[in-house]
Amino acid sequence: MSAERLLVLAEGYSGDTHYGKTLRGVLRYRRADVVVILDSERTGETIDGVPIVGDIESALPYGPTTALVGVATQGGRFPPAWRALLTTCIGHGLDIENGLHEFLVDDPELGPLAERSGVTLRDLRRPPAGLDCPTGENLRVPASIVLTVGSDCAIGKMTVSLELDREARSRGLRSVFVPTGQTGIAIAGWGLAVDAVVSDFIAGAAERLVVEGHARGGELLLVEGQGAITHPAYSGVTLGLLHGSAPHVLVLCHRAGVTEVDGYPGQPLLPLPELVELYERVSLPARKAQVACVALNTVDLEDDEARAAVARAEVETGLPAGDPVRFGAAALLDAVLGRLS
């Protein structure tokens, strides 16, 4: 993966913290591989020092080898205008990594065009063959398993897992980040998008992931969470992941100050103490998990407000809290390791 030089396709979404989350995740955790970003609405600007261009031809002088779809659209479908972008990428010999639900390999026009052009299309969300129900091997993995869970979608569960993994490895621990979504797969180079799996096999897919995470050398597995147990649309994947990964410990993630489900006006989020109790109660009966700490996303707050939000979360839940991006992940990892000991 290190030989790849990425052109990140973010047309119309590079400034969107929700739908542009793949771009932002790759910039934070695979920055060295990103050479240029495409978004015609922001031509001439930069993000984290990476130039933004308005078309594929303007990106070519930067020497990209692969075009990464850097957006996560609602429903996982390509906007109509993107077909021209993808066709142009293939015409210039760029491989494409795609994390949307719409698979490029199966496209009747783009698939054959890529084959004729000698271009590789990688659909990151395509489930592997042979998925099944859990076998119980998840309970026999000789590793400590930590799963991030949340109050809502797109609030930073992947980021928290990655920050905990980074902190753990800095201490010399044999930690492995376990990716369960397209952005995590794009960052780590392996994984399985559990939201693309047939519902009966989500838990089995999660089991496969923790088994592989240990096989990759992990004694501490930081599993990327998905969805939220109370989400009106995506609770199913959350529960399957919770049961299939069989975590010992949970980290509850929340975007500070938010009180409603994003995209569902009038549908409230549960208070943090209720979420702690609920996640622990619905965890796998064969291995009841405990919430070790609360990870807040305080991106919308000033520093003083962020510290106050952390303090409130600690008082409300009786658990350590913090924002691992803003204040570092050390205290949160200490809480996790304390629960595991």
Side-chain angles (χ1 to χ4, degrees), residues 8-10 12-30 39 47 68-79 98-102 124-125 147-164 177-188 191-196 202 222-242 250-270 272 275 279 294-301 306 309 313 323-326:
V8 182
L9 303 177
Y13 292 98
S14 65
D16 191 314
T17 58
H18 187 128
Y19 294 119
K21 65 181 182 179
T22 299
L23 162 66
R24 293 179 181 278
V26 170
L27 275 177
R28 183 171 178 85
Y29 299 105
R30 261 189 87 183
D39 185 351
I47 302 177
L68 170 69
V69 176
V71 303
T73 60
Q74 190 166 19
R77 301 293 176 184
F78 284 103
N98 161 45
L100 299 188
H101 283 291
E102 192 173 351
L124 304 181
R125 256 194 173 118
L147 173 67
T148 48
V149 295
S151 59
D152 201 355
C153 298
I155 57 173
K157 292 181 289 292
M158 180 197 74
T159 298
V160 172
S161 295
L162 283 162
E163 291 295 329
L164 288 170
F177 165 67
V178 180
T180 65
Q182 78 277 8
T183 303
I185 295 169
I187 290 167
L192 200 161
V194 292
D195 66 355
I202 292 174
L222 280 306
V223 183
E224 172 192 5
Q226 297 292 334
I229 197 65
T230 56
H231 197 279
Y234 305 126
S235 57
V237 69
T238 305
L239 189 60
L241 184 54
L242 176 60
L250 306 173
V251 176
L252 178 62
C253 306
H254 174 64
R255 187 159 184 160
V258 177
T259 59
E260 289 188 344
V261 179
D262 186 36
Y264 290 83
Q267 300 210 31
L269 299 180
L270 289 182
L272 294 179
L275 284 169
Y279 273 113
V294 178
L296 293 183
N297 178 343
T298 63
V299 68
D300 300 319
L301 307 179
D323 181 334
V325 173
R326 191 171 212 149

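These numbers come from a predicted model, not from an experiment.
- Using a 4.5 Å cut-off on side-chain heavy atoms (C-beta onward), Leu242 and Leu250 make contact.
- In this structure, the separation between CG on Leu23 and CG on Leu9 is 10.0 Å, given to the nearest 0.5 Å.
- Pro324 and Leu296 get closest at one heavy-atom pair: CD-O, 4.0 Å.
- Counting only distance, with no hydrogens or angles, the side chain of Tyr279 and the backbone of Ile229 share a donor-acceptor pair below 3.5 Å.
- Glu224 and Ser161 share no donor-acceptor pair across their side chains, judged by distance under 3.5 Å alone.
- Residues Val26 and Leu68 form a side-chain contact, since some pair of their non-hydrogen atoms from C-beta on lies under 4.5 Å apart.
- With rounding to the nearest 0.5 angstrom, the SG atom of Cys153 is 7.5 Å from the NZ atom of Lys21.
- Considering all non-hydrogen atoms of both residues, Val261 and Pro232 come closest at CG1-CD, 3.9 Å.
- Looking at every heavy atom in both residues, Leu124 comes nearest to Ala186 through CD1-CB, 4.0 Å.
- By the salt bridge (Lys or Arg N to Asp or Glu O under 4.0 Å) test, Arg77 is found to be paired with no residue, residues two or more places apart in sequence or in another chain being considered.
- To the nearest 0.5 Å, the span separating CG on Leu147 from OG1 on Thr238 amounts to 9.0 Å.
- Atoms NZ and OG1, on Lys157 and Thr180 in that order, are 9.0 Å from each other to the nearest 0.5 Å.
- In plain terms, the two heavy atoms of Ala193 and Ile185 that are nearest each other are N-CD1, 3.6 Å.
- Remark: Asp16 CG to Asp39 CG distance equals 10.5 Å, nearest 0.5 Å.
- Here Arg255 pairs with Asp300 in a salt bridge; the nearest charged N to carboxylate O distance falls below 4.0 Å.
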(message) Applying side-chain contact (heavy atoms from CB on, under 4.5 Å) to Val223 and Phe177, what does each step give before you reach the verdict?
(response) CA-CA 6 Å; Val223 183; Phe177 165 67; over 6 Å; no

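- Using a distance-only test at 3.5 Å, with no hydrogens or angles considered, no donor-acceptor pair links the side chain of Asn297 to the main chain of His254.
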(message) Show, in sequence, the C-alpha distance, side-chain angles and deciding distance for Asp323 and Val299, and conclude whether the side-chain contact (heavy atoms from CB on, under 4.5 Å) test is met.
(response) CA-CA 9 Å; Asp323 181 334; Val299 68; over 6 Å; no

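- Residues Ser14 and Tyr19 are not in side-chain contact: their nearest non-hydrogen atoms beyond the backbone lie 4.5 Å or more apart.
- Between Thr22 and Gln182 there is a side-chain heavy-atom pair separated by less than 4.5 Å.
- Here the closest heavy-atom approach between residue Val8 and residue Gly70 is recorded as CG1-CA, 3.7 Å.
- Residues Leu100 and Ala72 come closest through the heavy atom pair CD2-CA, 3.9 Å.
- Contacts of Arg24 classified as side-chain hydrogen bond (donor to acceptor under 3.5 Å, both in side chains), with partners at least two apart in sequence or in another chain: none.
- A heavy-atom distance below 4.5 Å is found between the side chains of Tyr29 and Thr159.
- In this structure, CD in Gln226 is found 9.5 Å from CE in Met158, a value given to the nearest 0.5 Å.
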Could you list the donor-acceptor pairs under 3.5 angstrom formed between side-chain atoms of residues 262-270 and any protein atom two or more places apart in sequence or on another chain?
residue, atom, partner, partner atom, Å
Asp262, OD2, His18, ND1, 3.0

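- With salt bridges taken as basic N to acidic carboxylate O contacts below 4.0 Å, none links Arg326 and Glu163.
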(message) Could you go through Thr230 and Ser235, starting from their C-alpha distance and side-chain angles, then the distance that decides it, and tell me whether this counts as side-chain contact (heavy atoms from CB on, under 4.5 Å)?
(response) CA-CA 6 Å; Thr230 56; Ser235 57; over 6 Å; no

